Amino acid sequence: MKRLIITLVLLFGLSALSAQEGAAPAGEPRTDSVAASGDAATAAGERADDSGAESSAGSLWDRANTAYINGDYHAALEMYERILAGGMGSAKLYYNLANACFKEGQTGRAILFYHRALRLAPGSDDIRYNLSVAEARTKDRIEEIPAFFLTEWARAVRRTMSCTAWSVLSLAALAALLGVHGLLERLGGVRLGAGLCALWLAAALLWIWAIGMRQRADAQMVLADAHQFARNHYDALSGDYLQVYTYQLGIALPLHMLARLFSGATMGQLDFLAQCVNAALGIAGVGVLAALAQELLDRRAASATLLLYIVSLPTLLFAQFVYNINLMILLGAGATLCFARYARTGRVGFGLAYAALAGLATVAKPNAEIMLLALLICALLHGWANRDMKIVLLAALSFAIGKGAFAAVAAWYGKQGGVDFRANVSMLARLAMGMQESPVAAGWYNKYIEQFFAADVTAQQEKAQAIAAIDARLGWMRENPAAALAFYREKLLTQWLDPAYDSLWMGELSEKVGRYNGLIGSIYRRKDGLRTLMDGYMDAMQTAVYALSAVGGARLLKKKGDMAALALPVTILGGALYHLIFEAKAQYAYPYMVYMLPLAAAGLCTLAEKLKKISG
């Protein structure tokens, strides 16, 4: 079994590396050409059909490209849409679709397809440039915000760097990590680690204050509800949102407590306070992960875990998004650490702490059940190998605590509001949505489940419709196996290859009230300058973390008899599989990236040891 998991970890890391491809910079708009390929069916994302060349994806792709080149954009658009309607999808197809829409004056649709293409090919300068041109067409002319001081220099750097150069940058990032890691080893000490954490937290608080971001969408609704709950106004509990997303009460509860603590705070002040607490939870979570790395390996791995968190920009960006992600990471890391210590010492106190923290993690975010399942697998293996059934009972207790604690939270809120909560949308319906196309990318949220929000929709009706939708999609997949494979490839890559894990995209859509308009504009409004540097840096760091995680995961899994070493790799693989099946979002991959850091730290230490042997 360990060999199988090692193989999966390595394949996952290598596939992530090989998929990060880009295009040469484009100095001019590229809507006068199309993306072609020697294998047209592959470019279109469809298998070749046996029914004849005229009806095959390759033939349709070639005809669409020919029509585009000849200036018949309407015909080209229709043929590209026919390919897409067949369930196909690739960066080249979305890019050509966007270009055709742009030529036909459909700027809004062009922007949509450029975004979809960019999710599959995040390194493509052509797509980024054309997207910026299309977005410029939709905006009124306003006074330009003065460029941030690095903007012009960054533009020049970006124009001179090819995809190969960005690959070299990834290797440079890895070399820099090795160098800084070596320096930290020499300086060493708990005080240094604590000092670095304090500096990161100070930087995060300064960032939160400077940007002044406000929550949006679900996070904004939950924050507003919590603000009202603190004033003993529970009307929101009878509204549709919390009736169909009752699990969001797990997010509302800590915000409700924070609003009670600062009873005079306005919504804006509560938002700011929640972001500050979120930043503190983030650095606390990595502190626990560092302790886990030390438990599984040594102190060097602990300091490397802290280093990787501090130098990863998404960790800073996610401090602004108050959605219990950092709280879930902290509780999940604590549960895993207590599990590891119980497995090594047999002390029941650690086992009870593991069960309690794991259960509370599911109250904070239901997705934490993936970690509970991973720990259950490890508990079963440990119990079998060591004839210790207590750990299996503790694993079962963690599920019971999670269910019981959430039931208590829902019951308390129900009593306060005098309401009974309806059954939430079933996992079957969510599975059906995860198998469908979305305007954003394959398998992303597409509002399918919203048809079941009405109170008069019965569970039987929902089940029947979901099963019918799943059967229809499975039938399409049986008839189009290559297209189905392309669908799931897109679904996987659009989650795991966004180096910002949706944080920059969410930031673009959010209201920002900070005073530093130049900084805000350079990061969120323009797609060049400082933003280009950030994208390149995060791309390089993501590549380094994935590669190091594959190396470190293989090292951990070689520890015979240590089932606790399996916990993080199984959690990460479980998360990847879960969101490959159910709803996808790049932000869903972020917690697993954080859980990768001890594995990446192990990989970094392994490479450092190899280099010492070579040089010595």
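Start at 1 with the first residue, then count along the sequence. Everything numeric here is computed off the predicted structure, so don't read it as measured data.
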Residue list, salt bridge (Lys or Arg N to Asp or Glu O under 4.0 Å) with Arg216, at least two apart or on another chain: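 Checked Arg216 against salt bridge (Lys or Arg N to Asp or Glu O under 4.0 Å); zero matches.
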Quick one: closest heavy-atom pair of [X] and [Y], and the distance?
X      : Y      : result
Ala584 : Tyr588 : C-CD1, 4.0 Å
Arg555 : Ala602 : NH1-O, 3.4 Å
His382 : Ala343 : CE1-O, 3.4 Å
Ala304 : Ala601 : CB-CB, 3.6 Å
Ala340 : Leu292 : CB-CD1, 4.1 Å

What salt bridge (charged side-chain N to carboxylate O under 4.0 Å, His left out) pairs are there with at least one residue in residues 304-320, not counting sequence neighbours?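 The answer is none; no pair qualifies.
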Do the two ring centres, one from Phe452 and one from Tyr448, sit under 6.0 Å apart?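 Yes, close enough.
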May I ask you to check whether Phe318 and Tyr501 place their ring centres under 6.0 Å from each other?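 Centroid distance Tyr501-Phe318: not below 6.0 Å, so no.
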Under a 3.5 Å distance rule, please check whether [X] uses its side chain to pair with a backbone N or O of [Y] as donor and acceptor.
X      : Y      : value
Glu490 : Ala442 : yes
Lys463 : Leu428 : no
Tyr309 : Gly282 : yes
Gln215 : Val322 : yes
Asn424 : Gln243 : yes

Specify whether Phe487 and Trp476 have parallel, tilted or perpendicular ring planes, treating 30° as the upper limit for parallel and 60° as the lower limit for perpendicular.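 Perpendicular.
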As an exercise, state the distance from [atom1] of [X] to [atom2] of [Y], rounded to the nearest 0.5 Å.
X      : Y      : atom1 : atom2 : answer
Ser303 : Leu196 : OG    : CG    : 9.5 Å
Ile377 : Met563 : CD1   : CE    : 12.5 Å
Ile470 : Gln436 : CD1   : CD    : 9.0 Å
Thr571 : Met596 : OG1   : CE    : 11.5 Å

Decide yes or no for [X] and [Y]: does some side-chain heavy atom of the first lie under 4.5 Å from some side-chain heavy atom of the second?
X      : Y      : answer
Leu557 : Leu566 : yes
Tyr590 : Thr315 : yes
Asn367 : His579 : yes

Taking everything shown except [X] itself, do over 12 heavy atoms lie less than 6.0 Å from its [atom1]?
X      : atom1 : answer
Trp412 : CH2   : yes
Met257 : CE    : no
Arg347 : CZ    : no

Checking Asp498 against Thr494 for the side-chain contact (heavy atoms from CB on, under 4.5 Å) test, could you report, in this order, the C-alpha distance in whole Å, the side-chain angles of both residues, the deciding distance, and whether it holds? CA-CA 7 Å; Asp498 179 352; Thr494 52; over 6 Å; no
Check the side chains of Gln248 and Tyr241 for a donor-acceptor pair under 3.5 angstrom, ignoring hydrogens and angles.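 Side chains of Tyr241 and Gln248: pair found under 3.5 Å.
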Taking only residues two or more places apart in sequence or in another chain, which ones pass side chain to side chain donor-acceptor pair (under 3.5 Å) with Tyr245?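 Tyr245 satisfies side chain to side chain donor-acceptor pair (under 3.5 Å) with no residue once adjacent residues are dropped.
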Evaluate side-chain contact (heavy atoms from CB on, under 4.5 Å) for Met541 paired with Leu313, printing each intermediate quantity in order. CA-CA 9 Å; Met541 285 301 303; Leu313 272 182; over 6 Å; no
After noting the C-alpha distance and the side-chain angles of Leu373 and Phe399, does the key distance pass the side-chain contact (heavy atoms from CB on, under 4.5 Å) rule? CA-CA 9 Å; Leu373 287 169; Phe399 284 92; 3.9 Å; yes
Is there a side-chain contact (heavy atoms from CB on, under 4.5 Å) between Ile251 and Asp218 once you walk through the steps? CA-CA 10 Å; Ile251 301 175; Asp218 296 67; over 6 Å; no
Check against side-chain hydrogen bond (donor to acceptor under 3.5 Å, both in side chains), Asp225 and Tyr413: CA-CA 12 Å; Asp225 291 344; Tyr413 273 113; over 6 Å; no
